[in-house]
A.B. asks: 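Take a look at the following structure, please.
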Amino acid sequence: MSVQQYDRIGEAFEGFKSLPLIRYGEVPSFLGMVGDVSGRSVLDLACGTGFYSREFKRRGATEVFGVDISVEMIAAARKIEERDPLGVRYEVGDVAELPSLERRFDIALAVQCLNYAEDIAVLERMCRNIHRSLVPGGEFFVLAQRPDYGFDCPSLDKYGFRCEPTGEEAEPGPRARVTALLDPEPISIVSTVPRREVYEESLRAGGFSAVEWVPLQVSEAGVREYGEDFWADFYAKPPLEMLRCRA
């Protein structure tokens with residue numbers, strides 16, 4: 001499901017980061033949660049076009065390796081690397097079938113990754129593969145749609161997105177269609193929204209501990225740009241949430 005969707009997007013995926021929800025909510029929150037990566041190695045799973053791979057390399061990571069199931073996403077990431085070389089490596093790969101890597105990493109990232117597991121067995125296998133790719137005590141950081149997000153919430157259009165239930169249910173949770181309101185053409189992606197306990201139990205089954213949910217915060221720049229009232233719906237019913245845990 002995810003491969004075909006993302007192969008159609010390619011480098012247009014970079015435009016997601018300009019939308020208010022991502023620019024002023026996701027990005028500063030995720031970077032803040034991960035924190036200082038100086039002198040540490042980073043494995044970026046479902047790296048897309050490499051936005052976070054590049055960002056953490058600029059922030060001092062010694063090695064960054066990006067993996068994505070989409071051939072077109074990796075092609076776009078490599079094209080950006082050619083234009084602005086940072087020393088980030090990219091490979092096509094499925095996290096559910098991730099082979100043993102040549103080295104273990106200090107940090108793993110999964111931004112909108114685990115929510116593409118078709119069932120709980122696949123989700124647990126993804127978690128085991130990621131755990132195996134980390135050094136003992138390594139950190140794993142996740143960002144995904146909020147598990148208990150209410151689809152009857154106020155519209156997210158002003159934040160650049162639309163989130164709708166498809167009416168289908170997978171084993172991990174309901175399916176949802178997220179539409180990025182990009183100009184000139186919106187882009188829609190369908191994924192699963194695993195239940196909170198499914199995330200927690202799958203991570204523990206994969207070997208992780210100290211599982212902690214972390215809310216997003218709007219950056220000071222976002223408040224300056226739009227004002228506090230603009231973000232009231234975001235805080236009342238957050239559409240995204242983060243997780244951190246330890247190998």
Side-chain angles (χ1 to χ4, degrees), residues 1-19 21-23 26-27 30-31 34 37 41-105 107-118 122-123 125-126 129-130 132-134 140-145 160-161 176-192 240:
M1 175 180 67
S2 59
V3 183
Q4 296 171 342
Q5 294 181 107
Y6 282 96
D7 276 348
R8 288 196 296 267
I9 298 171
E11 199 164 348
F13 189 64
E14 287 287 295
F16 279 53
K17 303 306 182 191
S18 67
L19 299 174
L21 175 63
I22 306 300
R23 182 177 181 181
E26 177 199 306
V27 172
F30 192 70
L31 293 176
V34 176
V37 298
S41 55
V42 176
L43 174 62
D44 187 3
L45 301 158
C47 66
T49 51
F51 176 86
Y52 284 110
S53 297
R54 296 190 300 275
E55 190 62 37
F56 284 115
K57 193 69 171 71
R58 292 188 189 103
R59 289 170 177 247
T62 54
E63 179 182 357
V64 180
F65 180 36
V67 178
D68 198 282
I69 197 171
S70 167
V71 172
E72 291 303 320
M73 286 286 175
I74 291 298
R78 288 172 172 166
K79 189 181 299 183
I80 295 170
E81 173 68 19
E82 288 175 8
R83 291 201 301 260
D84 181 17
L86 294 169
V88 179
R89 291 188 301 127
Y90 298 103
E91 293 291 343
V92 176
D94 183 351
V95 178
E97 306 298 335
L98 193 68
S100 295
L101 302 177
E102 60 196 35
R103 63 159 298 168
R104 291 188 176 192
F105 292 79
I107 293 170
L109 317 174
V111 174
Q112 303 289 12
C113 172
L114 300 182
N115 47 311
Y116 287 102
E118 293 292 322
V122 170
L123 181 52
R125 188 162 71 244
M126 294 167 80
N129 291 343
I130 296 166
R132 187 187 62 218
S133 303
L134 286 167
F140 181 34
F141 300 97
V142 177
L143 183 138
Q145 286 178 262
F161 284 89
R177 178 179 296 103
V178 174
T179 301
L181 303 176
L182 296 170
D183 184 29
E185 185 179 356
I187 294 175
S188 292
I189 297 168
V190 175
S191 69
T192 301
L240 301 171

A.B. asks: Any side-chain heavy atom of Y116 sitting closer than 4.5 Å to one from I69?
C.D. replies: no
A.B. asks: What's the shortest heavy-atom distance between C113 and M126, and which atoms?
C.D. replies: O-CE, 3.6 Å
A.B. asks: What's the separation between atom NZ in K79 and atom CZ in R83, rounded to the nearest 0.5 Å?
C.D. replies: 7.0 Å
A.B. asks: Ignoring hydrogens, what is the shortest heavy-atom contact between Q112 and A144? Give both atom names and the distance.
C.D. replies: OE1-CA, 3.6 Å
A.B. asks: What side-chain hydrogen bond (donor to acceptor under 3.5 Å, both in side chains) pairs are there with at least one residue in residues 178-187, not counting sequence neighbours?
C.D. replies: T179-S188
A.B. asks: Apply side-chain contact (heavy atoms from CB on, under 4.5 Å) to S53 and list each qualifying residue two or more places apart in sequence or on a separate chain.
C.D. replies: D44, C47, V64, V88, Y90
A.B. asks: From R177 CZ over to I189 CD1, what is the distance, rounded to the nearest 0.5 angstrom?
C.D. replies: 11.5 Å
A.B. asks: How many angstroms lie between atom OG of S133 and atom CD of E102, to the nearest 0.5 angstrom?
C.D. replies: 11.0 Å
A.B. asks: Apply side chain to side chain donor-acceptor pair (under 3.5 Å) to E81 and list each qualifying residue two or more places apart in sequence or on a separate chain.
C.D. replies: none
A.B. asks: Measuring from atom CZ of F140 to atom CG of L45, what distance do you get when rounded to the nearest 0.5 angstrom?
C.D. replies: 6.5 Å
A.B. asks: Would you please name every residue forming a side chain to side chain donor-acceptor pair (under 3.5 Å) with E63, sequence neighbours left out?
C.D. replies: R89, R103
A.B. asks: Sequence neighbours left out, what passes side chain to side chain donor-acceptor pair (under 3.5 Å) with N129? Give chain and number order.
C.D. replies: R132
A.B. asks: Among all residues two or more places apart in sequence or in another chain, which pass the side-chain contact (heavy atoms from CB on, under 4.5 Å) test with R59?
C.D. replies: L31, V37, E55, F56
A.B. asks: With sequence neighbours excluded, tell me which residues meet ring pair (Phe, Tyr, Trp, His ring centres under 6.0 Å) with Y52.
C.D. replies: F30
A.B. asks: May I ask you to check whether over 12 heavy atoms, not counting those of R104, lie within 6.0 Å of atom CZ?
C.D. replies: yes
A.B. asks: Measuring from atom CG of L43 to atom CG of L109, what distance do you get when rounded to the nearest 0.5 angstrom?
C.D. replies: 7.5 Å
A.B. asks: Return the set of residues passing side chain to side chain donor-acceptor pair (under 3.5 Å) with R125 (not counting sequence neighbours), or none when no residue passes.
C.D. replies: E97
A.B. asks: Indicate the atoms forming the closest heavy-atom contact of V122 with A96, along with that distance.
C.D. replies: CG1-CB, 3.9 Å
A.B. asks: Atom OG1 of T49 and atom CD1 of I80: how far apart are they, to the nearest 0.5 Å?
C.D. replies: 5.0 Å
A.B. asks: Does D84 have any salt bridge (Lys or Arg N to Asp or Glu O under 4.0 Å) partners at least two apart in sequence or in another chain, and if so, which?
C.D. replies: R58
A.B. asks: Does any non-hydrogen side-chain atom of L19 lie less than 4.5 Å from one of L181?
C.D. replies: no
A.B. asks: Of all heavy-atom pairs between V92 and S70, which one has the smallest distance, and what is that distance?
C.D. replies: CG2-O, 4.5 Å
A.B. asks: Write down the atom of V67, the atom of L98, and the distance for their closest heavy-atom approach.
C.D. replies: CG1-CD1, 4.4 Å
A.B. asks: Please name the pair of heavy atoms, one in R54 and one in L86, separated by the smallest distance, quoted to 0.1 Å.
C.D. replies: CB-CD1, 3.7 Å
